[in-house]
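Here's the structure we're looking at; comments come further down.
Just so you know, residue 1 is the first one in the sequence shown, and it goes up from there. Values in this document were obtained by computation on a predicted structure and should not be read as measured data.
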Amino acid sequence: MMGGISNVWFDRYKISIDSPEHLDSVNSMCQVLTDLIKEETAAGIAKNRILLGGFSMGGAMAMHLAYRYHRDVAGVFALSSFLNENSVVYKELEAARQSLPELFQCHGQADELVFHQWGEKTCARLKGLGVTSSFHSFPNLFHELSLQELEQLRSWILKKLPEVTANAL
């Protein structure tokens, strides 16, 4: 932002897949979000009924949070998002011996801020580390959301979190 103030999930040295992660700010935000998850579970929401996700940095944050700290959530979605090439997420998943939340990922092929291939590479790396994942590409979509993308996300959410009837409680 050339020194300008901006609201973001965490700091980045630069928007590039080959840049190192700014782990101090990522870890700090993971703690803030973990506290929110604890509030939800204390209020009676089961972890396997929680989805973590977001757009751009929000999706990256969700991947850090789920695959490093909350591997028992229902799933993760990341829209126009990526993990840095040497992400700590990959390093931590190399030693993972438990089931991992499914990843639903979407990306515009015309995205000029977070390149489509960065999202594809992230998905492929996570899949190689045992994450069940799906990657959906959208032609002519820039760094933005589309109705088609949101409809696919909605379908995935309803599949991951089917309605719970009173009898099932």
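- For His116 and Phe135, the gap between ring centers is short of 6.0 Å.
- A donor-acceptor pair under 3.5 Å is absent between the side-chain atoms of His136 and the main chain of Leu153, judged by distance alone.
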Dump the intermediate steps for side-chain contact (heavy atoms from CB on, under 4.5 Å) on Leu103 and Tyr67, then the final yes or no.
-> CA-CA 10 Å; Leu103 172 64; Tyr67 298 122; 3.3 Å; yes
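- One finds the CG atom of Asp111 at 7.5 Å from the CG atom of Leu141 (value rounded to the nearest 0.5 Å).
- The residue from Arg71, Lys160, Lys127 that alone fulfils the salt bridge (charged side-chain N to carboxylate O under 4.0 Å, His left out) condition with Glu102 is Lys160.
- Of the possible polar contacts, one joining the Glu144 side chain to the Phe142 backbone as a donor-acceptor pair under 3.5 Å is found.
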Under 3.5 Å, sequence neighbours excluded: what are the donor-acceptor pairs made by side chains of residues 88-95?
{"unit_1": "Lys91", "atom_1": "NZ", "unit_2": "Asn86", "atom_2": "O", "d": "2.8"}
{"unit_1": "Glu92", "atom_1": "OE2", "unit_2": "Arg68", "atom_2": "NE", "d": "3.3"}

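- Counting all heavy atoms, side chain and backbone alike, Pro101 lies closest to Val131 at O-CG1, 3.6 Å.
- You'll find the side chain of Leu52 stays beyond 4.5 Å of the side chain of Tyr69, heavy atoms only.
- Atom CG in Leu100 sits 6.5 Å away from atom CD in Gln98 (nearest 0.5 Å).
- Residues Leu126 and Met63 have side chains in contact (heavy-atom distance under 4.5 Å, counting atoms from C-beta outward).
- A chain of hydrophobic side-chain contacts below 4.5 Å, direct or via other Ile, Leu, Val, Met, Phe, Trp or Tyr residues, connects Val73 to Leu36.
- Within the 3.5 Å criterion, the main-chain N or O of Gly119 finds a donor-acceptor partner in the side chain of Gln105.
- Taking CZ of Arg125 as the start and OG of Ser133 as the end, the distance is 13.0 Å to the nearest 0.5 Å.
- The CD atom of Gln109 sits 9.5 Å away from the CZ atom of Phe138 when rounded to the nearest 0.5 Å.
- Using a 30° and 60° split on the angle between ring planes, Trp118 and Phe82 fall in the tilted class, from 30° to 60°.
- Residues Leu65 and Val76 form no side-chain contact, since every pair of their non-hydrogen atoms from C-beta on lies 4.5 Å or further apart.
- The salt bridge (Lys or Arg N to Asp or Glu O under 4.0 Å) contacts involving residues 34-44 comprise nothing, where partners must be two or more places apart or lie in separate chains.
- Grouping the Ile, Leu, Val, Met, Phe, Trp and Tyr side chains by contacts below 4.5 angstrom, directly or via other members, places Leu147 apart from Ile157.
- Distance check, rounded to the nearest 0.5 Å: SG of Cys123 to CZ of Phe104 gives 10.5 Å.
- Counting heavy atoms from C-beta outward, His70 and Lys47 have side chains that approach closer than 4.5 Å.
- Taking NE2 of His64 as the reference point, atom OG of Ser87 lies at 4.0 Å (rounded to 0.5 Å).
- Taking all atoms of both residues into account, the shortest heavy-atom contact from Gly54 to Ala62 is N-CB, 4.5 Å.
- Side-chain atoms of Ser56 and Val114, non-hydrogen and from C-beta on, do get closer than 4.5 Å to each other.
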Output, in order, the C-alpha distance, side-chain angles, deciding distance and verdict of side-chain contact (heavy atoms from CB on, under 4.5 Å) for Gln31 and Asn27.
-> CA-CA 6 Å; Gln31 185 56 58; Asn27 293 341; over 6 Å; no
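- Placement of Ile50 and Met61 within a single hydrophobic cluster is found when ILVMFWY residues are connected by side-chain heavy-atom separations under 4.5 Å, directly or transitively.
- In terms of modelled atom types and a separation under 3.5 Å, the side chain of Thr34 and the main chain of Cys30 share a donor-acceptor contact.
- Leu145 pairs by the side chain to side chain contact (heavy atoms under 4.5 Å, CB included) definition with Phe55, Leu79, Glu149, Leu150, not counting sequence neighbours.
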